[in-house]
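I have placed the structure first, in the form of structure tokens, so that the comments after it can refer back to it.
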Amino acid sequence: MDRTRSLGALTEGTYDLLVVGGGVTGAGVAREASLRGFRVALVEQGDFASGTSSRSTKLIHGGLRYLKQFDFKLVAEAVQERQMLLQMAPHLVGATRFVFPVYRGDPDSLLALRMGLLVYDLFARLQAAVPHRILGPRALRGYEPGLRDRDLVGGAVYTDSRTDDARLTLAVLESATGYGAAVANYAGLEGFLRLADGRLAGARVHDQLSGQRLEVRAKRVLAAVGPWADAVRHLDDPAAPSILRLTKGVHLTVAQDRLPLSNAVVMRGPDRDKRMMFAIPRGSFTYLGTTDTDFEGDPDTATADREDVEYILAATNALFPGATLTFADVVSTWVGLRPLVRPPGHANPSAVSRDYEIFHSPSGLVSIGGGKLTAFRAMAEHVVDDLFPGSRGARERAASRAALPGAEGPLPTAADWNRLASNTNTRPERLREWLALYGSQLPQVVSLLPVEAGDEPGLAWHRAMTRYAVEHEMAQRLEDVYRRRTGLMLFSQDNGRAWVQPLAQEMAELLGWSPQRTAEEVRRTEAAIAAMLAFREDTRTPEVSRAPVAAQQQKSAAM
């Protein structure tokens with residue numbers, strides 16, 4: 001993935017397809033169209049996956065709760081895609097055991113859960129790593145002893161999958177470039193090129209880093225921009241009707257020793273809604289979420305506010321009464337906006353379908369609304385079928401299901417991790433936490449370890465990952481590395497603050513930054529860390545942020 005080469009290629013000739021948007025949807029379409037032999041360009045106004053595609057619950061799952069809405073088509077497609085991704089990207093998508101407790105008064109009974117999971121396993125063609133089991137209270141708490149015992153009537157264990165959404169998007173983009181696509185981040189859409197009859201003929205693009213303006217000519221233009229779909233449609237036609245209803249999903253992370261889990265656990269929101277949520281272990285941390293509330297305004301301004309964090313902590317402390325988590329326990333937060341297709345009525349946000357639709361404008365602009373991370377590959381097939389009918393044959397079907405980069409060679413074994421740990425004075429489990437997502441590309445990262453001694457092992461490894469991100473993954477800003485290439489901002493106890501200066505200097509040497517640019521990258525990254533924890537600074541009712549949320553709930557119930 002070479003940004004300079006891609007930018008140069010964008011102005012060469014006419015592309016069959018220009019994809020605007022570098023999230024997983026746009027990446028999937030670029031890959032699918034390229035492997036079918038079409039000439040494809042993709043531009044993204046920020047970093048790849050910097051919108052919803054790095055801010056999800058990081059699950060590859062069918063969406064068990066959608067069965068309750070009778071959305072069988074959506075669930076069947078997602079479950080089957082989950083099984084496929086386990087084969088296509090085993091380094092990025094891992095089967096995970098989920099514990100689903102049922103309490104007296106919950107919206108779903110044990111019988112309903114049993115029926116739903118039976119359908120779930122059937123959609124997976126009985127290929128789930130662990131078929132579901134219905135358990136009584138004692139057996140269920142054997143899996144997770146911290147669960148609240150009061151009113152527990154039983155539950156289930158079943159299989160779904162976890163992922164790293166940003167790195168999955170990068171792998172799809174890398175695959176697209178392998179088929180010839182020209183992709184560029186920090187290349188923002190400024191306007192459209194048109195033929196004499198008003199039909200689109202490409203786009204004007206602004207390189208956000210150099211200031212250069214480019215004209216990209218293309219026969220078809222696709223907007224796969226998630227929450228920005230309406231903005232792009234209005235750029236094409238100010239009178240275009242809005243197609244989206246945005247809802248906000250907030251997640252937060254706590255240290256694993258504050259909420260030690262052996263399995264992912266299904267939670268319920270507080271009594272006022274009881275929506276389905278998750279507590280998911282990831283290395284040294286456990287992350288929690290998500291909320292589902294309507295959002296209006298600029299997508300770039302979405303943040304986790306005090307009420308969002310209280311909501312998640314209240315649900316967590318109610319399910320795990322021994323945790324007593326407070327604001328001080330929150331290590332990081334992230335916020336994703338779901339670009340749901342606007343329904344005709346005013347349904348509850350959680351009841352709005354997660355399925356996608358393709359919208360055609362008179363100018364020829366094609367826009368995508370809705371969709372799920374899990375089904376990005378199937379969605380890409382359908383979109384390219386719509387854009388280029390008849391272009392999918394047996395060869396293309398096989399290529400679409402082929403291994404993604406990082407899964408094209410042997411994955412590291414336990415012996416490999418132990419040997420690497422011994423050679424670098426690092427614990428094997430910590431190495432896997434940092435590096436397992438590289439899969440068969442791990443040797444390339446290892447080759448970039450600093451030769452000079454002096455760094456602590458963690459910093460040395462993050463220098464290598466930073467170098468890899470710049471040289472192979474088109475990282476252009478320090479935050480690209482911190483938030484999306486390595487997850488250092490989200491899944492480290494100090495959000496990587498201690499290493500901001502040395503890692504910024506590492507990027508400066510590789511990208512030729514001036515001292516002023518280097519200082520600005522440090523400032524931007526530190527500001528991003530502060531922004532995701534800004535909810536702590538809310539002083540409207542400071543005693544709430546200091547006391548356990550569960551205690552606040554009890555206080556409210558007594559009033």
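Owing to the predicted nature of the structure, the values given are computational and were not obtained by experimental measurement.
Side-chain atoms of Ser514 come within 3.5 Å of backbone atoms of Arg517 as a donor-acceptor pair (strictly under, hydrogens ignored). Using modelled atom types, no side-chain atom of Arg194 and backbone atom of Ala201 make a donor-acceptor pair closer than 3.5 Å. His234 contributes no side-chain N or O that, together with a main-chain N or O of Ala229, makes up a donor-acceptor pair within less than 3.5 Å. In this structure, Ser53 contributes its side chain and Gly23 its backbone to no donor-acceptor pair below 3.5 Å. Looking only at distances, no side-chain donor or acceptor of Arg217 sits under 3.5 Å from a matching main-chain atom of Thr14. A donor-acceptor contact shorter than 3.5 Å links the side chain of Arg3 to the backbone of Asn185. A donor-acceptor pair under 3.5 Å is formed between the side chain of Ser6 and the backbone N or O of Asp2.
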Worked verdict on Val331 versus Phe491 for side chain to side chain contact (heavy atoms under 4.5 Å, CB included): CA-CA 8 Å; Val331 174; Phe491 298 103; over 6 Å; no
Asp16 vs Val40, side chain to side chain contact (heavy atoms under 4.5 Å, CB included): CA-CA, chis, key distance, verdict: CA-CA 6 Å; Asp16 296 306; Val40 179; 5.8 Å; no
Pair Arg484-Asp47, salt bridge (Lys or Arg N to Asp or Glu O under 4.0 Å): steps then yes or no: CA-CA 9 Å; Arg484 288 171 288 276; Asp47 185 28; 2.7 Å; yes
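Summarising the geometry, atom CG belonging to Leu365 is positioned 6.0 Å from atom CG belonging to Leu200; distances are rounded to the nearest 0.5 Å. In this structure, CZ in Arg39 is found 12.0 Å from CG in Leu17, a value given to the nearest 0.5 Å. To the nearest 0.5 angstrom, Leu373 atom CG is 5.0 Å from Ser56 atom OG. Of the inter-residue distances, the one linking Asp300 atom CG with Leu337 atom CG reads 9.0 Å to the nearest 0.5 angstrom. Once rounded to the nearest 0.5 Å, the distance linking CD of Glu506 with CG of Leu459 reads 8.5 Å.
Ring-plane geometry between Trp434 and His462 is classed as perpendicular, the angle between the planes exceeding 60 degrees on a 0 to 90 degree scale with a lower cut at 30.
Using a cutoff of 4.0 Å between basic side-chain nitrogens and carboxylate oxygens, Asp164 and Arg485 are not scored as salt-bridged. Looking at Arg524 and Glu479, no side-chain N of the basic residue comes within less than 4.0 Å of a carboxylate O on the acidic one, giving no salt bridge. Here Glu433 pairs with Arg430 in a salt bridge; the nearest charged N to carboxylate O distance falls below 4.0 Å. A salt bridge is absent between Arg467 and Glu471; no separation between the charged side-chain nitrogens and carboxylate oxygens falls under 4.0 Å. In this structure, Arg338 pairs ionically with Asp292, as a charged nitrogen and a carboxylate oxygen lie closer than 4.0 Å. Ion pairing of Arg523 with Glu526 is absent here, as no side-chain N (NZ or NE/NH1/NH2) approaches a carboxylate O to less than 4.0 Å. A salt bridge links Asp385 to Arg36: at least one charged side-chain nitrogen sits closer than 4.0 Å to a carboxylate oxygen. In summary, Asp416 and Arg432 do not engage in a salt bridge, as defined by a charged side-chain N under 4.0 Å from a carboxylate O.
A side-chain contact (heavy atoms from CB on, under 4.5 Å) with Arg162 is found for exactly one of Ile60, Val93, Ile280, namely Ile280. Only one option out of Trp334, Phe285, Phe278 pairs with His251 in a ring pair (Phe, Tyr, Trp, His ring centres under 6.0 Å); it is Trp334. Partner of Glu77 under the side-chain contact (heavy atoms from CB on, under 4.5 Å) criterion, out of Arg82, Lys372, His382, Met379: His382 alone.
In this structure, Arg282 places its CZ atom where more than 12 heavy-atom neighbours from other residues, nucleotides or ligands lie under 6.0 Å away.
For Tyr468 and Tyr438, the ring centers sit closer than 6.0 Å to each other.
Between the side chains of Asp165 and Ser54, no donor N or O sits under 3.5 Å from an acceptor N or O.
Counting heavy atoms from C-beta on, the side chains of Arg342 and Ser242 come closer than 4.5 Å.
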